[in-house]
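Structure, as structure tokens:
In what follows, chains carry the letters A, B, and so on, assigned in the order in which the sequence lines appear, proteins first and then strands, with residues in each chain numbered from 1.
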Amino acid sequence: MPIITADNLVKEFRLPKRYGGPLGGLRTLFTPAYTVKRAVDGVSFTVDEGELVGYLGPNGAGKSTTIKMLTGILVPTSGMLEVAGLVPWERREENALRIGVVFGQRSQLWWDLPLIDSLRLVGKLYRVPAERYRRNLDRFTELLGLGAFLQTPVRQLSLGQRMRGDLAAAMLYEPPLLYLDEPTVGLDVLAKERMRSFIAEVNREHGTTIILTTHDLADVEKLCRRIIFIDQGKVLYDGPVQRLKEQFAPWRELVVQLVPDGGELPPDELFDLPGVEVARREGAKVWLRFDPKLIPAPRLIAQVTARCPVSDLAIVEPELAGVVRGIYAEREAALTP
Amino acid sequence: MATAGICWDLAKAALRAQMEYRANFLVGILAGVVWQVTGFFTIWVILSRFHSIGGWTLGEIAFLYGLRLTAHGLWVVPFARLIDMDYMVREGEFDRFLIRPLNPMLQIITSRLRIAALGDLVGGVVLLSAASAKAGVDWSPVALVYLILVLIGGALAEAALQIGCAALSFRFLDTGGLRFLIDDAFNKFGGYPLKIFSGGMQFFLTWIVPMAFVAYLPAAVLLGRTGELRVSPVVAYLAPLVGLIWFVAAWRIWSWQSRNYQSSGH
Ligand SMILES: Nc1ncnc2c1ncn2[C@@H]1O[C@H](COP(=O)(O)OP(=O)(O)OP(=O)(O)O)[C@@H](O)[C@H]1O
Ligand SMILES: [Mg+2]
């Protein structure tokens, strides 16, 4: 049973043409001139209970806009959306009780109050019984290491501390759904690691359904089984991480450590085989990119070792980051005439 | 009633947050008092010249002014945050009100209290009691109840206009100028017996903009001056209800317009 069903979601932003001058505001009021920006353009997907989905795409792809529709902040221009049986923007308060939201770019906490006050208010707002509140507070304080700054006003927290506070606030009432829009942006390596293990634990222990946007593909590789990749408001790919690689980067790389034969290194031309190209070369080390459908790995290895002496061999899969970089580059090329 | 408890907690938190800036807090209250004293002083100067305006004596005018001021304070103290509507909508700060399980208007009300406007309230109440003695208001229990209802109704009427106007923010982003205009109009005209204006103007300030229901009509009732009104006394008696109707309508419009909220790009 899907917990989220999005069907042909479209969101257009209307940008009023603005007028300057003392009465500019009034003129804007009465002159209906708009430019329209289609940020989300027919997005459909379903998410099952307990899934942890990475929602990816380049800057301006429409990720945050989708999240805002899921949370009920934005009303779509057209299309249908159902979250746990509710249309978010029509039953906003009910929907709010069931979701946790973290925007990496903007804190939802009370800026001028100590973190603990924010958490207490969240407990009240979401009607968390006192006993459960205590238990969750203790648990998240420990898991996220909040103890040292619970009494510090939020505006004085560092980015990473604030983000942990935001995450605790979003999980305090144990919502079945969690939307995380760039929860690791600007965090150092350790903080990211801690954030990731927290997200993974919440997903595993509570069965929380999570949708995560991020530009750090290590987040995705560590956390998500499934990704939805969007670009210019359209879904480009929806499926397991592994299949994205197969679809957009069907190649493998054979890393070959050559042995100089009488002081001479063999030239690149030596590897001129069908379905093979030299992707990179660093002296005696060569990265051969090959298509396993055209030339299976054992055959390639046999051919290479027959042509020159080799001291080491390794087959590597493309990294997600590399794949995504490739997709972005392709798109750039398509966009520039 | 759980909602009332939550609102109470949020309001307390807002006060605590404001206390973080203690100096600002005190200066705010002081500025509020100074502002109201000068406001009333202006009217005082005019009054001491003419001794009466539109047949209303000094005491009666002071009573009318006190009514308006108290009602004004009653709406401004809780709705201070409305002033930031343009900013909240433009910068996407409004997001947070939409992802919490409480009516967004209740969150706005409880997210800041304008303590400086307590000056309006105190000034208004003091003026009201002093002036009612001078103007010889007959305080029967019914009149007292009517006074309380009318103050609330007046606050609701003024709040309604501001909320209706703030609703435009969702679509047009800047409405601060318009709201300032309304506030200014209430300040300028609200403290006078409206009969000194032309018939068209009176009609406008009664039926298009409910300013007459804030102070003029109720004051006429309490001072026994309903005979001079251009509307039936029944309308004047129902002033609190008119405020309530305006308020409910404005809140509805505001909620409905919030569907046009576009958030911000980041
Ligand atoms: N409130 C808004 N008003 C006008 N345009 C907007 C608004 N929000 C987003 N947009 C536009 O819609 C498009 C999608 O924006 P969105 O924020 O969804 O992108 P994103 O995928 O989250 O990007 P990023 O990775 O940079 O966060 C962008 O072109 C953006 O300029
Ligand atoms: Mg974004």
Exercise. Any idea which of Ile6(B), Asn260(B), Ile99(B) has the most non-hydrogen atom pairs under 4.5 angstrom with chain A?
Worked result: Ile99(B)

Exercise. So which part of Lys68(A) gets closer than 4.5 Å to some heavy atom of chain B, the side chain, the backbone, both or neither?
Worked result: side chain

Problem set entry | Engaged part of Leu97(A) at the chain B interface, taking heavy atoms whose separation is under 4.5 Å | both

Problem set entry | Region of Ser64(A) that comes under 4.5 Å of a non-hydrogen atom in chain B | neither

Seminar exercise, completed: Scanning both residues in full, the closest heavy-atom pair of Leu121(A) with Ala13(B) reads CD1-CB, 3.5 Å

For this session: Verify side-chain hydrogen bond (donor to acceptor under 3.5 Å, both in side chains) between Arg92(A) and Ser258(B), making sure each step is shown before the conclusion.
Result: CA-CA 12 Å; Arg92(A) 209 142 42 193; Ser258(B) 74; 3.3 Å; yes

Problem set entry | Best-contacting candidate, Gly92(B), Cys7(B), Ala14(B), against chain A by heavy atom pairs under 4.5 angstrom | Gly92(B)

Problem set entry | Contacting region of Ile73(A) [heavy-atom separation from chain B under 4.5 Å] | both

For this session: Side chain from CB out, backbone as N, CA, C, O: work out which of these in Ser118(A) comes under 4.5 Å of a heavy atom of chain B, or both, or neither.
Result: neither

For this session: Sort Arg14(A) into side chain, backbone, both or neither according to what part of it lies under 4.5 angstrom from a heavy atom of chain B.
Result: both

Problem set entry | Under 4.5 Å from a heavy atom of chain B, the part of Arg155(A) involved | side chain

Exercise. Where does Leu109(A) contact chain B at under 4.5 Å (heavy atoms): side chain, backbone, both or neither?
Worked result: backbone

Problem set entry | Spacing of Phe13(A) atom CZ and Ser264(B) atom OG [to the nearest 0.5 Å] | 9.0 Å

For this session: Output the option from Glu182(A), Gln105(A), Gln108(A) having the highest count of non-hydrogen pairs under 4.5 Å with chain B.
Result: Gln108(A)

Problem set entry | CD/Glu93(A): more than 12 non-hydrogen atoms of other groups inside 6.0 Å | yes

For this session: Please determine if Glu93(B) and Arg106(A) form a salt bridge, counting it only when a charged side-chain N lies under 4.0 Å from a carboxylate O.
Result: yes

Problem set entry | Over-ring placement of Arg100(B) relative to Trp110(A), 6.0 Å and 45° cut-offs | yes

